[in-house]
Amino acid sequence: MIERIPVVKKVWSIDEAKDAFDELLSAADTEGEQIIAEPDRRYILVAVKYEKKTSAKDFLRKGGPLTEGEEWTD
């Protein structure tokens, strides 16, 4: 099996990520995975798009996970 290795155009330092947070989010959205690096840790930021089809209120009232075919709504 071939392991997928993400292509990352920039590794962000913690300070860069803080100072340019909007740019970091935009890069994750348009360019894919972004890495934020500390000396002893790495964080991967990935933009995930989804549509809510079930309201949180209804989800909690129901008391359980979504069943097959159910979707989140606003």
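Numbers for residues simply follow the sequence, beginning at 1.
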Keeping the roles fixed (side chain from Arg42, backbone from Glu38), state whether a donor-acceptor pair exists under 3.5 Å. yes
Spell out, yes or no, whether Ile35 and Phe21 are grouped together once hydrophobic residues are joined by side-chain heavy atoms under 4.5 Å, including indirect joins. no
Hey, what do you get for CG (Leu25) to OG1 (Thr30), rounding to the nearest 0.5 Å? 10.5 Å
Where the side chain of Gln34 meets the backbone of Gly32, is there a donor-acceptor pair that is under 3.5 Å apart? yes
When rounded to the nearest 0.5 angstrom, what is the spacing between CG in Asp29 and CG in Leu45? 10.0 Å
Value rounded to 0.5 Å, distance of OG in Ser13 from NZ in Lys18: 9.5 Å
From CD (Glu16) to NZ (Lys10), nearest 0.5 Å: 4.5 Å
In short, Trp12 meets Ala27 closest at the heavy-atom pair CZ2-CB, 4.2 Å
Could you report the tightest heavy-atom contact between Ala28 and Ala47, atom names first, then the distance? O-CB, 3.7 Å
Do Val46 and Val11 belong together in a cluster built from hydrophobic side chains that touch within less than 4.5 Å? yes
